[in-house]
> 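This structure is in structure tokens; I'll ask about it shortly.
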Amino acid sequence: MLNTLFSGIFNSSTTTESIAVPQFLLCIAVALVIGIFLAVVYSYKTKYTKSFVVTLALLPAVVCVVIMMVNGNVGAGVAVAGAFSLVRFRSVPGTAKEIGTIFLAMGAGLICGMGYLGYAVLFSLILGLAMFVLNKVNIGADKRLEQDRILRITIPEDLNYNGVFDEIFEKYTQKSETVSVKTANMGSLYKLTYNVTLKNSAEEKAFIDDLRCRNGNLEISMARQEVTNNEL
């Protein structure tokens, strides 16, 4: 039973002769099911766009058809499918997870295109479940990033910003770093930007209140630091 399930559906002459319609449809159907499965797993606890998830669901079927149409020439098939699947990253930077999932979908489609449907399903289940578990346990997450903030403070021009907030930073932050300084309102105001790491996120309001007392109650904003999409 297992030998039948994991043997290729194409015989040795398939690479030189036309592929039967039932075999063609079966390969595409399995590839589509695998693509939908990978898309669902990828979208779990991940920021995503609808267009990427739909593309991910269709990609294994596209690669499968390419492999079948080049008559089993894996080198030519991978070259063509790879060129099409990576077009997205020419204009929009992709994360490491997106690139890895793209290659996972390509691998499943390639196996389907070669006719080894049992191996394609097994490969997708193992890698898909591994992705799900890694997302579930949140492996690799840096807890310190939850304390990192981008702090923007507006001060009047007569206030010397060098060291003016050092005492407050020492009280509420583990570390602080000046990122930029620029003038505003015809030079009557300065806008300061800092990267800070809070000692305790529960004291964020008290931190801002102390800064307000020092900067004359001018505008202050604080936001979480996030890893950008073009970082791996």
Side-chain angles (χ1 to χ4, degrees), residues 1-137 139 229 232:
M1 176 65 179
L2 288 177
N3 289 336
T4 303
L5 181 62
F6 290 97
S7 61
I9 66 171
F10 302 139
N11 55 40
S12 59
S13 63
T14 302
T15 57
T16 58
E17 297 179 1
S18 61
I19 300 173
V21 173
Q23 294 175 331
F24 180 80
L25 295 177
L26 178 61
C27 289
I28 292 181
V30 173
L32 283 173
V33 171
I34 290 174
I36 294 172
F37 169 73
L38 294 178
V40 171
V41 173
Y42 171 82
S43 61
Y44 178 74
K45 285 190 174 182
T46 303
K47 293 182 179 179
Y48 59 89
T49 62
K50 178 181 178 181
S51 61
F52 181 76
V53 172
V54 171
T55 301
L56 186 62
L58 297 178
L59 183 59
V62 174
V63 176
C64 173
V65 171
V66 170
I67 294 298
M68 287 191 291
M69 292 302 101
V70 296
N71 292 328
N73 188 327
V74 179
V78 170
V80 175
F84 280 110
S85 64
L86 295 180
V87 164
R88 176 184 189 272
F89 301 106
R90 295 181 60 187
S91 58
V92 180
T95 64
K97 184 176 181 180
E98 287 176 333
I99 297 173
T101 310
I102 284 285
F103 282 112
L104 173 58
M106 285 180 59
L110 190 151
I111 300 172
C112 284
M114 295 299 294
Y116 296 100
L117 303 183
Y119 285 111
V121 173
L122 183 62
F123 168 77
S124 302
L125 284 175
I126 293 175
L127 273 295
L129 291 176
M131 184 190 304
F132 177 83
V133 171
L134 293 176
N135 288 338
K136 184 72 174 179
V137 301
I139 189 171
N229 284 338
L232 295 179

> Which residues pass the side-chain contact (heavy atoms from CB on, under 4.5 Å) test with Val33, not counting sequence neighbours?
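Partners of Val33 under the side-chain contact (heavy atoms from CB on, under 4.5 Å) test: none.
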> If you look at every heavy atom in Ile34 and Ser124, which pair is closest and at what distance?
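Looking at all heavy atoms of both residues, the closest pair is CG2-OG, 2.9 Å.
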> Can you check whether Cys112 reaches Leu117 side chain to side chain, under 4.5 Å on heavy atoms?
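Yes, at least one pair of side-chain atoms sits under 4.5 Å.
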> In Å and rounded to the nearest 0.5 Å, what is the CG to SG distance from Leu58 to Cys64?
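SG of Cys64 is found 12.5 Å from CG of Leu58.
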> Distance from Leu110 atom CG to Tyr116 atom OH, nearest 0.5 Å?
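One finds 11.5 Å between CG of Leu110 and OH of Tyr116.
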> Would you say Tyr44 and Met131 make side-chain contact, with heavy atoms under 4.5 Å?
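When only atoms from C-beta onward are counted, Met131 and Tyr44 do not touch, as no gap falls below 4.5 Å.
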> Mind listing the closest non-hydrogen atom pair of Gly35 and Pro60 along with its distance?
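Minimum heavy-atom separation between Gly35 and Pro60: CA-CG, 3.6 Å.
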> For Leu125, what residues pass the side-chain contact (heavy atoms from CB on, under 4.5 Å) criterion, not counting sequence neighbours?
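For Leu125, the residues satisfying side-chain contact (heavy atoms from CB on, under 4.5 Å) (neighbours in sequence not counted) are Phe37, Val121.
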> Mind checking what makes side-chain contact (heavy atoms from CB on, under 4.5 Å) contact with Thr46, not counting sequence neighbours?
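Listed in chain order: Tyr42, Lys97, Asn135.
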> So, taking the atom named NZ in Lys136 and the one named CG in Leu129, what distance separates them when rounded to the nearest 0.5 Å?
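One finds 13.5 Å between NZ of Lys136 and CG of Leu129.
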> If you measure from CG on Leu59 to CG on Leu32, what distance do you get to the nearest 0.5 Å?
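The CG atom of Leu32 is 11.0 Å from CG of Leu59, to the nearest 0.5 Å.
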> Going from OG1 on Thr55 to CD on Glu98, what distance comes out if it is rounded to the nearest 0.5 angstrom?
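The OG1 atom of Thr55 sits 11.0 Å away from the CD atom of Glu98.
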> Any non-hydrogen side-chain atom of Val40 less than 4.5 Å from a side-chain atom of Phe132?
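No. Closest side-chain heavy atoms not under 4.5 Å.
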> Can you name the nearest heavy-atom pair linking Met68 to Gly113, along with the distance?
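Smallest heavy-atom distance, with atoms named: CG-O, 3.4 Å.
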> Supply the atom-to-atom distance Leu38 CG to Leu104 CG, rounded to the nearest 0.5 angstrom.
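If I round to the nearest 0.5 Å, the distance is 5.0 Å.
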